[in-house]
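This report concerns only the one structure given below.
Chain identifiers are assigned alphabetically (A, B, ...) following the order of the sequence lines, protein sequences preceding nucleic acid strands; residue numbering begins at 1 within each chain. It should be emphasised that the depicted structure is a prediction, and the values quoted were computed from it without experimental measurement.
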There are 2 protein chains.
Amino acid sequence: MPKPEVDPTVSLELSVDRSSPVPLYFQLSQQLEAAIEHGALTPGSLLGNEIELAARLGLSRPTVRQAIQSLVDKGLLVRRRGVGTQVVHSQVKRPLELSSLYDDLEAAGQRPATKVLVNTVVAATAEVAAALNVAEGSDVHRVERLRLAHGEPMAYLCNFIPPGLLDLDTEQLEATGLYRMMRSAGITLHSARQTIGARAATAAEAERLAEPEGAPLLTMQRVTFDDTGRAVEYGTHTYRPSRYSFEFQLLVRP
Amino acid sequence: MPKPEVDPTVSLELSVDRSSPVPLYFQLSQQLEAAIEHGALTPGSLLGNEIELAARLGLSRPTVRQAIQSLVDKGLLVRRRGVGTQVVHSQVKRPLELSSLYDDLEAAGQRPATKVLVNTVVAATAEVAAALNVAEGSDVHRVERLRLAHGEPMAYLCNFIPPGLLDLDTEQLEATGLYRMMRSAGITLHSARQTIGARAATAAEAERLAEPEGAPLLTMQRVTFDDTGRAVEYGTHTYRPSRYSFEFQLLVRP
DNA sequence: GTAGTTCGATTGTCCGGACATATGCATTGA
DNA sequence: TCAATGCATATGTCCGGACAATCGAACTAC
């Protein structure tokens, strides 16, 4: 009688394509992630040890380790020395990416609509100049947008973008998100500094979001940097707290 | 005439101690991080190539790469194939850690005071039971705290903790943070699911935080998991937006 | 002068091995 | 019965090398 199977990866049909330009470790990590997502690898189950897994796939141990490590960084796996690697019990969804509101809503299954209120060039105020690291009074793009879901306003977004980075087409702004436009313009987003707070709505804000004056609003300010360190966007956003809140997963850095 | 120095790491006195139990790659990454923090490595400057750096330190290239990679993951360095590795221009501070409010305030130089309002055991409501994954009606700890800065209330924290995990000493709760107590109790924090929103203060909330009724409040709910997937804490917090906002740095995952 | 090409430099990927170290379990001993 | 010991196991760290892919700049050809 065969001994009971303890390594769930053996029945997983893992395989790598050496002729593909996709790195081997990436192929493996994708397959493992899909297996976790799909439920083939259940939470708490132990992966077989790295050496055997490498031998089975015809890979070296460093390559297998690199694949596993990327999933550990994502919070999907936990390694324990002397024990093994196991799938985390808790359901990890998104470890807080730098996503736009557009992407957020789209991921939530909603079909966000965007109305561009303003798309012009203005002189940078002291606040904007400091955030974008440009001279006060110099030209910057100013974009004001209203995000709607189910016909109701959800958020008012005001963004400032340095000149020359991007072709800010109004139609494109309404069809997709600002971040997506930046990425397709060849800008490599790197990091962002955010501040989330709350305050009472002013008369103008209340009007825009169809809320009573003085109603609580959720606010977010963000400066986004590309990988050369340039500030590529400064945004001041207000959200209707009854329609939107920030939800995300945090990972503890070991 | 000697050619101008282009590799800032040569004048950095990098060295590793092979007799130390601290991993070599970690020693190196710490020294590099300190040099960046200290200003010895200025933003935008290129690190020397990995091969030469490895040779200079008497390390292998994989070890040097591991050190550099950890700083890339922290957002301090950027690698460019064919070009080199350089220090990011933008000032990265904290890539959003799973920190407690206590730690947040302490890092900001403030000396937070804590007043424990309630420290008792209650029956889990449906909401708490769902968050902590325990049976409805079973015993859980309930801790209510008020955080003060400069004598003024800043936040009201209500936490639920499963029984048996922790010795919830009231004095210790006032002297340090809940997360610190968990860590020293041998609990390995892994991830947390958070929701940040806003709403108008109820009469009771307004009373606690010395705000008028209906004033906007910043709210945060959090479920924290340890590395075995257990929920170890569920918290519902309200903050005075005039005194506190969430500030953090986000990194784009490549 | 400009566009295309070549080439050096640097990181990206991958291999195969070696030893260290922590964990859990079985064995041994008091 | 219970605690200390030893052992198998798995990950953690580190090495030295090899080739591929990409970038930027110098060079060449038109």
Side-chain angles (χ1 to χ4, degrees), chain A residues 3 6-10 16-30 32 44-73 76-88 186 188 227-228 254, chain B residues 3 6-10 15-30 32 44-73 77-88 186 188 227-228 254:
Chain A
K3 72 173 180 182
V6 288
D7 179 357
T9 63
V10 300
V16 292
D17 175 11
R18 300 198 84 102
S19 68
S20 164
V22 178
L24 301 177
Y25 77 90
F26 193 75
Q27 293 184 37
L28 178 54
S29 72
Q30 274 190 320
L32 289 175
S45 63
L46 256 68
L47 260 58
N49 75 57
E50 299 168 349
I51 314 241
E52 193 221 347
L53 186 55
R56 188 140 44 82
L57 290 168
L59 297 174
S60 70
R61 191 184 163 212
T63 302
V64 172
R65 272 184 72 79
Q66 194 173 0
I68 292 177
Q69 186 59 46
S70 71
L71 297 181
V72 171
D73 291 339
L76 294 172
L77 298 177
V78 179
R79 316 177 95 134
R80 291 164 180 275
R81 182 187 286 204
V83 180
T85 305
Q86 59 184 162
V87 183
V88 294
T188 310
D227 60 356
T228 69
Chain B
K3 72 174 180 183
V6 289
D7 180 357
T9 62
V10 299
S15 64
V16 292
D17 175 12
R18 300 196 87 101
S19 66
S20 164
V22 178
L24 300 178
Y25 76 90
F26 193 74
Q27 293 183 36
L28 177 55
S29 72
Q30 274 190 319
L32 289 175
S45 63
L46 257 69
L47 259 58
N49 76 56
E50 299 168 347
I51 315 243
E52 193 221 347
L53 187 55
R56 188 139 44 83
L57 289 168
L59 298 173
S60 69
R61 189 181 164 214
T63 302
V64 172
R65 271 185 74 79
Q66 194 172 1
I68 292 177
Q69 187 60 46
S70 70
L71 297 182
V72 171
D73 291 340
L77 298 179
V78 180
R79 317 178 95 134
R80 291 166 179 275
R81 181 186 286 201
V83 179
T85 305
Q86 59 183 160
V87 183
V88 295
T188 310
D227 61 355
T228 69

Rounding to an integer number of Å, can you tell me how far [X] [atom1] sits from [N] [atom2]?
X     : N      : atom1 : atom2 : value
A/L57 : C/dC15 : CG    : C1'   : 15 Å
A/R61 : D/dC14 : CZ    : C1'   : 11 Å
B/F26 : C/dT21 : CZ    : P     : 17 Å
A/Q69 : D/dG12 : CD    : C1'   : 10 Å
A/L46 : C/dC25 : CG    : P     : 12 Å
A/E50 : D/dC14 : CD    : C1'   : 15 Å

N or O in side chain of A/Y25 less than 4.0 angstrom from C/dC14 OP1/OP2:
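Checking A/Y25 against C/dC14: no side-chain N or O falls below 4.0 Å of OP1 or OP2.
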Report yes if at least one side-chain N or O of A/S60 is closer than 4.0 Å to OP1 or OP2 of C/dG17; otherwise report no.
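Checking A/S60 against C/dG17: no side-chain N or O falls below 4.0 Å of OP1 or OP2.
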Are a donor atom and an acceptor atom from the side chains of B/R79 and B/Q69 found within less than 3.5 Å of each other?
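Yes - a donor-acceptor pair under 3.5 Å links their side chains.
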Any donor-acceptor N/O pair, B/Q86 side chain to B/G44 backbone, under 3.5 Å
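Side chain of B/Q86 to backbone of B/G44, a donor-acceptor pair under 3.5 Å: yes, one is there.
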Hey, which sits more toward the 5' end of DNA chain C by its nearest nucleotide, A/V64 or A/R80?
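The 5'-side residue here is A/V64.
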Let me know, please, whether B/V83 or A/T63 comes out on the 5' side of the other along DNA chain C by nearest nucleotide.
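Final value for this comparison: B/V83.
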To the nearest 0.5 Å, tell me how far A/L32 CG sits from A/L76 CG.
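It is 10.0 Å, given to the nearest 0.5 Å.
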Please examine the side chains of B/V64 and B/L28, heavy atoms only from C-beta on, and report whether any two atoms are closer than 4.5 Å.
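Result yes, sub-4.5 Å side-chain heavy-atom pair found.
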Given side chains that start at C-beta, do those of A/Q27 and A/L24 come closer than 4.5 Å, heavy atoms only?
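Touching, per the 4.5 Å side-chain cut-off.
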Closest nucleotide among [options] to the [X] side chain:
X     : options                : value
B/N49 : C/dT10, C/dT13, C/dG16 : C/dT10
B/L59 : D/dC15, D/dT13, C/dC14 : D/dC15
B/R81 : D/dG12, C/dT11, D/dG16 : C/dT11
B/R18 : D/dC15, C/dG12, C/dT13 : D/dC15
A/R79 : D/dG12, C/dG16, D/dG16 : D/dG12

Sugar-phosphate, base or nothing in reach of A/P23, heavy atoms under 4.0 Å
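The answer is sugar-phosphate, as A/P23 gets under 4.0 Å only of primed atoms, P, OP1 or OP2.
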